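Heads up: the structure comes next, in structure tokens.
No experiment lies behind these values; they were computed from the predicted model shown. Every heavy atom of this structure was used, including side-chain atoms; hydrogens, water molecules and symmetry mates were not.
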Amino acid sequence: LGLRPKRTLRLVLWTGEEQGGVGAEQYYQLHKENISNFDIVMESDEGTFKPSGLGFTGDAKARDVVKEIMTLLQPINVTEVYDGADGTDISYWLRGGVPGASLRDDLSKYFWFHHSQGDTMTVQDPNQMNLCAAVWTVVSYVIADMEEMLPR
């Protein structure tokens, strides 16, 4: 689309979350000196089922901003902002004061596949995955394109 946000978006994929979060810890250790440059950290660790919104941890003013951003997702009915982002992958940043978000979705089938031989891409619903991608795309782009960083 030719869109370029005002600030950099960084997508980080690592392994080791189930082995004590070694990937997340190493990434944090390598980048913590720049923590003031991190606007928000977001993670998705509950699968890619039908999303309902985001869990959020951060300042009340930042929560208000995220709630406003989530209204943009009204056409796909994914507007909720729940208390508390969590997850091994973002916990270091949250403790450091960086606002955080976690995707909340329908977990009713999560343990049908999670950590089993059936945990493959073939069980994914492409439409639900697209909804999850839309949530991350809208939220990350809008935050990266704001004039100011999220309040802390």
If you draw a 6.0 Å radius around [atom1] in [X], do more than 12 non-hydrogen atoms from other residues or ligands fall strictly inside?
X      : atom1 : answer
Leu1   : CG    : no
Gln124 : CD    : yes
Arg4   : CZ    : no

For [X] against [Y], the heavy-atom pair lying closest together:
X      : Y      : value
Glu147 : Lys6   : OE2-CE, 2.8 Å
Ser108 : Trp112 : O-NE1, 3.7 Å
Asp59  : Lys61  : OD1-N, 2.6 Å
Leu73  : Val139 : CD1-CG2, 4.5 Å
Pro5   : Asp145 : CA-OD1, 3.4 Å
Arg104 : Leu54  : CG-C, 4.0 Å

Got a salt bridge between Lys50 and Asp105, using NZ or NE/NH1/NH2 to carboxylate O under 4.0 Å?
->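 No.
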According to the interplanar angle, ranging from 0 to 90°, do the rings of Phe49 and Tyr110 count as parallel (below 30°), tilted (30 to 60°) or perpendicular (above 60°)?
->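 Ring orientation of Phe49 relative to Tyr110: perpendicular.
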Inter-residue atom distance [X].[atom1] - [Y].[atom2], 0.5 Å rounding:
X      : Y      : atom1 : atom2 : result
Met121 : Thr48  : CE    : OG1   : 6.5 Å
Leu11  : Met42  : CG    : CE    : 9.5 Å
Leu94  : Ile40  : CG    : CD1   : 9.5 Å
Thr8   : Asp39  : OG1   : CG    : 11.0 Å
Glu148 : Leu150 : CD    : CG    : 10.5 Å
Ile143 : Met149 : CD1   : CE    : 10.0 Å

Could you go step by step and tell me if Met146 and Val65 meet the side chain to side chain contact (heavy atoms under 4.5 Å, CB included) rule?
-> CA-CA 10 Å; Met146 295 185 328; Val65 171; 3.7 Å; yes
List the steps, then state whether side chain to side chain contact (heavy atoms under 4.5 Å, CB included) holds for Leu30 with Gln26.
-> CA-CA 6 Å; Leu30 290 171; Gln26 182 177 15; 4.0 Å; yes
Would you call Phe56 and Lys67 a side-chain contact if the rule is heavy atoms closer than 4.5 Å?
->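 Result no, sub-4.5 Å side-chain heavy-atom pair not found.
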Is the side chain of Asn34 donor-acceptor paired with the backbone N or O of Asn37 at a distance under 3.5 Å, no angle test?
->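 Pair absent, no side-chain N/O of Asn34 close to backbone of Asn37.
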Shared hydrophobic cluster, [X] / [Y] (ILVMFWY, side-chain heavy atoms < 4.5 Å):
X      : Y      : answer
Tyr27  : Ile35  : yes
Leu103 : Met129 : no
Ile76  : Met70  : yes

Indicate whether any N or O donor in one side chain lies under 3.5 Å from an N or O acceptor in the other, for Ser102 and Tyr82.
->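 No.
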